[in-house]
Amino acid sequence: MRRFIGLMSVVVGISCAGLIVLALLGGRFVPEGWQVLYVRQADFYYRALWRVDTSRGLTFPENDVRYAESVFALSPDGRFLLATRYDESSAQTRIFDLHSGLRSESIVGSDQWAWSPDGRFLAFVDEQGDLFKLSRPDFDKGETTFRLTDATLLVRSRGDMSAPVWSPDGTRIAYQDFRANVQQIYVVSADGSENFALIGADDREDRLSSASDPAWSPDGAQIAFVYELDGNPEIYVVEVETGNLTRITHHPAHDVAPLWSPDGSQLVFLSDRRYLLGELILADLTEPLRFVPLDVTAFLASSPQWSPDGRRLVYISGDDGEIERVDVETGRVHQLTNEQMSHRLP
């Protein structure tokens, strides 16, 4: 993909005295908003789940479970942890119930998952590139079975599908699909009955275009995304029902990975305007449109995460690889971890 996206998605590691020290992973606000859940390297192979008390800066273990997996996704309610482990030929995934301690059986077949807003379902893209919906096990009934054969096919791929994202009300899923040398964003209903292109190729045949990184607004009426024309990725917003398109950024740098604030009044995105390693920029969508560089770098990180009240962002520092928090109004930065390891947001 683009050089900036490729840079930002590299798995973090630190070379030390000829050894590879695996990345410390994690960094997401729990629903209550005063703790950040993350995954910490337990030893060379296993990882452990930890929390940071953001008011006091104290870290403490979440449980005594050791994880061999390397990629994690927390359910919206903070109860379930989806974890994926890679081997030589495939990806194996399990779900952990953080309340009961139960865990599902391992399944093989996907490394692209997205939780529904209520945490009852998962959307995923399988090894053939098709989009499915799957119910998670009902741990309250003691269920641990988790089979891909139980999944419902939503879209049969005609290209290279990726990046499923649920709408806030759980009725639709946005995804990107690479067809006929053009990457477009599509929206499918959660039952598969409706599927349409949200944004596609530019009308001019002599221009190369690509749409990616879909992000639903909190009210589900709009989707922010990256629209690349002739090699220059910019942030756009489209109204889902009407298709009305609004361009947010106008800059020769790479602006990618938009993320809405909880109240929908702001977008934060990654850019390489000042730092090749990446920085966070806040777009205030109220009139007149204004941009506020947060003056923090996000090297080798995925998108930052908003606190539930929309006042703070948690991200990975490009300077030292630790989890940091920034107040979006004052710009004050506070380091949450000091473990001398690299981190990555899930």
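Predicted model, so just to flag it, every value in this text is computed and none were measured. All values below were derived from every heavy atom in this structure, side-chain atoms included, with hydrogens, water molecules and symmetry-related copies excluded.
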Practice item. Kindly determine whether Thr93 and Thr84 satisfy side chain to side chain donor-acceptor pair (under 3.5 Å), including the steps that lead there. Key: CA-CA 4 Å; Thr93 298; Thr84 299; 3.0 Å; yes

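- Ring planes of Tyr67 and Phe72: perpendicular class, angle over 60° (limits at 30 and 60°).
- Counting only distance, with no hydrogens or angles, the side chain of Arg136 and the backbone of Gly119 share a donor-acceptor pair below 3.5 Å.
- In this structure, Val125 is not a member of the same hydrophobic cluster as Leu122, with clusters built from ILVMFWY side-chain heavy atoms closer than 4.5 Å.
- Under the 4.5 Å side-chain heavy-atom criterion for Ile, Leu, Val, Met, Phe, Trp and Tyr, Leu294 and Leu289 are members of the same hydrophobic cluster.
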Practice item. Evaluate side-chain contact (heavy atoms from CB on, under 4.5 Å) for Ser70 paired with Tyr86, printing each intermediate quantity in order. Key: CA-CA 8 Å; Ser70 58; Tyr86 297 94; 3.6 Å; yes

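- For the atom pair OH (Tyr227) and CG (Asp213), the distance works out to 14.5 Å, reported to the nearest 0.5 Å.
- Trp260 places no side-chain N or O within 3.5 Å of a backbone atom of Gln266 that could act as its donor or acceptor partner.
- Both Leu282 and Val256 are part of a single hydrophobic cluster, where members link through side-chain heavy atoms under 4.5 Å apart.
- In this structure the side chain of Trp216 reaches within 4.5 angstrom of the side chain of Val187, judged on heavy atoms.
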Practice item. With side chain to side chain donor-acceptor pair (under 3.5 Å) as the test, would you mind laying out the steps for Gln184 and Tyr186 before giving the verdict? Key: CA-CA 7 Å; Gln184 300 173 313; Tyr186 293 80; 2.3 Å; yes

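- Of the possible donor and acceptor atoms, none in the side chain of Asp284 sits under 3.5 Å from a partner among the backbone N and O of Arg290.
- A donor-acceptor contact shorter than 3.5 Å links the side chain of Arg47 to the backbone of Tyr45.
- Between Phe80 and the choices Phe139, Trp113, Phe146, the ring pair (Phe, Tyr, Trp, His ring centres under 6.0 Å) rule is met once, by Phe139.
- The CD atom of Glu143 lies 11.5 Å from the OG atom of Ser104; values are rounded to the nearest 0.5 Å.
- Between Val237 and the options Leu267, Leu245, Ile223, a side chain to side chain contact (heavy atoms under 4.5 Å, CB included) holds for only Leu267.
- Among residue pairs with one or both ends in residues 92-110, those qualifying as salt bridge (Lys or Arg N to Asp or Glu O under 4.0 Å) are Glu69-Arg94, Arg79-Asp97; sequence neighbours excluded.
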Point to revise | Residues Ser271, Glu279; criterion side chain to side chain donor-acceptor pair (under 3.5 Å); working and verdict | key: CA-CA 5 Å; Ser271 181; Glu279 64 173 320; 4.8 Å; no

Practice item. Evaluate salt bridge (Lys or Arg N to Asp or Glu O under 4.0 Å) for Asp255 paired with Arg273, printing each intermediate quantity in order. Key: CA-CA 8 Å; Asp255 298 331; Arg273 298 184 181 192; 2.8 Å; yes

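- Remark: Ser110 engages no residue in a side chain to side chain donor-acceptor pair (under 3.5 Å) (not counting sequence neighbours).
- Taking all atoms of both residues into account, the shortest heavy-atom contact from Asp130 to Ser157 is OD1-N, 2.8 Å.
- With values rounded to the nearest 0.5 angstrom, Ser75 atom OG is found 7.5 Å from Leu98 atom CG.
- Using modelled atom types, one side-chain atom of Trp115 and one backbone atom of Ala73 make a donor-acceptor pair closer than 3.5 Å.
- Side-chain atoms of Ser189 come within 3.5 Å of backbone atoms of Glu194 as a donor-acceptor pair (strictly under, hydrogens ignored).
- Side chain of Thr242 to backbone of Asn244: a donor-acceptor contact under 3.5 angstrom is found.
- Here the closest non-hydrogen pair linking Ala253 and Asp272 is CB-OD1, 3.4 Å.
- When hydrophobic clusters are built by joining Ile, Leu, Val, Met, Phe, Trp and Tyr residues whose side-chain heavy atoms come closer than 4.5 Å, directly or via intermediates, Trp166 is not grouped with Val240.
- Minimum interatomic distance between Ile248 and Ala283 (heavy atoms only, all atoms of both residues): CG2-CB, 4.3 Å.
- To the nearest 0.5 angstrom, Thr145 atom OG1 is 11.5 Å from Ile107 atom CD1.
- Applying the ring-ring contact (aromatic ring centres under 6.0 Å, His included) test to Phe269 and every residue at least two apart in sequence or in another chain returns nothing.
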Exercise for review: Before giving the answer on side-chain contact (heavy atoms from CB on, under 4.5 Å), spell out for Gln112 and Leu131 the whole-Å C-alpha distance, their side-chain angles and the decisive distance to 0.1 Å.
Suggested key: CA-CA 10 Å; Gln112 295 192 54; Leu131 180 63; over 6 Å; no

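- Of all heavy-atom pairs spanning Thr337 and Ile323, the tightest one is OG1-N, 3.0 Å.
- A side-chain donor-acceptor contact under 3.5 Å links Gln176 and Ser162.
- In this structure a side-chain-to-backbone donor-acceptor pair under 3.5 Å is missing from Ser167 to Gly220.
- Salt bridge status for Asp327 with Arg312: absent, with no side-chain N to carboxylate O gap under 4.0 Å.
- The pair Asp138-Arg120 does not count as a salt bridge, with every side-chain nitrogen at least 4.0 angstrom from each carboxylate oxygen.
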